[in-house]
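Accompanying notes for the structure given below.
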Protein chains: 2
Amino acid sequence: MNDHGKPRPPPPEDCPLERYLHVVSGAWVPRIVWFLRFGPRRYGDLRRDLKSISGKVLTEKLRALESDGLVVRRVIDSSPPQVEYSLSPRGRAFDPVFDAMVKVSAELERLDAIEVSDGATETGRR
Amino acid sequence: MNDHGKPRPPPPEDCPLERYLHVVSGAWVPRIVWFLRFGPRRYGDLRRDLKSISGKVLTEKLRALESDGLVVRRVIDSSPPQVEYSLSPRGRAFDPVFDAMVKVSAELERLDAIEVSDGATETGRR
DNA sequence: CTGTATCCTTTTAGATACTG
DNA sequence: CAGTATCTAAAAGGATACAG
């Protein structure tokens, strides 16, 4: 038997970073939330978005996100069955972090460009 | 033999999230950067900051951060020897993400408070 | 299509002993 | 103090087969 449906895991210590990492950490959770930001996605869509994730892990992480209240699971009763995942308001509360990651990535790229271009300047040799 | 001193690991695919996670991921790296934001720290300080980290892992992660250019290692030649770690300009480029995490944490706390207080409203039972 | 169950591999991290 | 080396344990993830 598994342990899905636990109301919630124990609370983290009272530190902003711990509070954040308690919910969004590991290799897959940030990526899942990333793709859900663009809109609701079905299970199979996410699996393709995330390329190398296994079905087992995707299910595990979606369940965890659901139990943490970041993700809403909606069953569309059709044939074949469809399940749609989307960010809850609580899940959208994480937007600022992802926005910041985009900003940081751009800045890193800029810093890399400078670093490369000033090899010549550095030695002063021309 | 180990593989420290590698110039750099292979570049990530061209996605802002991947670019970010390539450098800052795993259980310890975000926490190490977090503590370095408050100023330079010595090896032993970090070990205390991070409470349960093992020496082996702290060294590994610091080396990785150094090789990624986020952290600068400075040896203070005294007796006993001291080593000080600090964020490089590239390391400080990550600030916006940590700032956002602080904001998000506060917002989560706020949402939790609402959620709790409206249990009564939800059922309408008085 | 959306999962679950089982088994196995990889990754990550902790414990301990030891060095300059 | 600040590590390194070795060994072991735990966590995370992947492959496969199968079910509603």
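Chain A is the first sequence line, chain B the second, and so forth, proteins listed ahead of strands; every chain is numbered from 1.
Side-chain proximity of A:Tyr43 to the nucleotides C:dT2, D:dG3, C:dG20 is greatest for C:dT2. Closest to the side chain of A:Thr59, out of C:dT2, C:dT4, D:dT4, is C:dT4. Of the candidates C:dC1, D:dA2, C:dG3, C:dC1 carries the atom nearest the A:Arg42 side chain, counting heavy atoms from C-beta on.
Between B:Arg90 and B:Asp68, the shortest heavy-atom distance links the atoms NE-O, 3.1 Å.
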Inset, instruction - List the protein contact pattern of nucleotides 11-18 of chain C with one symbol per nucleotide (5' to 3'): B for base contact, S for sugar-phosphate-only contact, - for none; contact means a heavy-atom distance under 4.0 Å. - result: --BBB---
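Applying the salt bridge (Lys or Arg N to Asp or Glu O under 4.0 Å) criterion to B:Arg73, with sequence neighbours excluded, gives no partner residue. In this structure A:Arg31 satisfies the salt bridge (Lys or Arg N to Asp or Glu O under 4.0 Å) test together with B:Glu18, sequence neighbours excluded. Applying the salt bridge (Lys or Arg N to Asp or Glu O under 4.0 Å) test to A:Lys56 and every residue at least two apart in sequence or in another chain returns A:Glu60. Judged as a side-chain contact (heavy atoms from CB on, under 4.5 Å), and not counting sequence neighbours, B:Ser79 has no contacts. When the salt bridge (Lys or Arg N to Asp or Glu O under 4.0 Å) test is applied to B:Arg48, the partners found at least two apart in sequence or on another chain are B:Asp45.
Rounded to 10 degrees, the angle between the two end axes of the helix from C:dC1-D:dG20 to C:dG20-D:dC1 is 50°, with five pairs used at each end.
Atom CG of A:Asp49 is separated from atom P of C:dT2 by 12 Å (rounded to the nearest Å). Between the CZ atom of B:Arg63 and the P atom of D:dA2 there is a distance of 12 Å, rounded to whole Å. Per the geometry, CG belonging to A:Leu58 stands 14 Å off P belonging to C:dC1, to the nearest Å. Atom CD1 of A:Ile32 is separated from atom P of D:dG13 by 9 Å (rounded to the nearest Å). Put simply, CG on A:Leu62 is 11 Å from C1' on C:dT2, counting in whole angstrom units. Separating the CZ atom of A:Arg73 from the C1' atom of C:dT4 is a distance of 12 Å, rounded to the nearest angstrom. Remark: C1' of C:dT2 and CZ of A:Arg74 are 15 Å apart, rounded to the nearest angstrom. Atom CG of B:Leu21 and atom C1' of D:dA12 are 16 Å apart (whole Å).
Counting heavy atoms from C-beta on, the side chains of B:Val23 and B:Val29 never come closer than 4.5 Å.
Dashed line: the shortest gap from a side-chain N or O of A:Arg48 to OP1 or OP2 of C:dT2 is not under 4.0 Å. Regarding contacts with the backbone of D:dC1, every side-chain N or O of B:Tyr85 stays at 4.0 angstrom or more from both OP1 and OP2.
The salt bridge (Lys or Arg N to Asp or Glu O under 4.0 Å) pairs that include a residue from residues 79-89 of chain A are A:Arg74-A:Glu84, where partners are two or more places apart or lie in different chains. Evaluation of the ring pair (Phe, Tyr, Trp, His ring centres under 6.0 Å) test over residues 25-79 of chain A, restricted to residues two or more places apart or in two chains, returns A:Trp34-A:Phe38.
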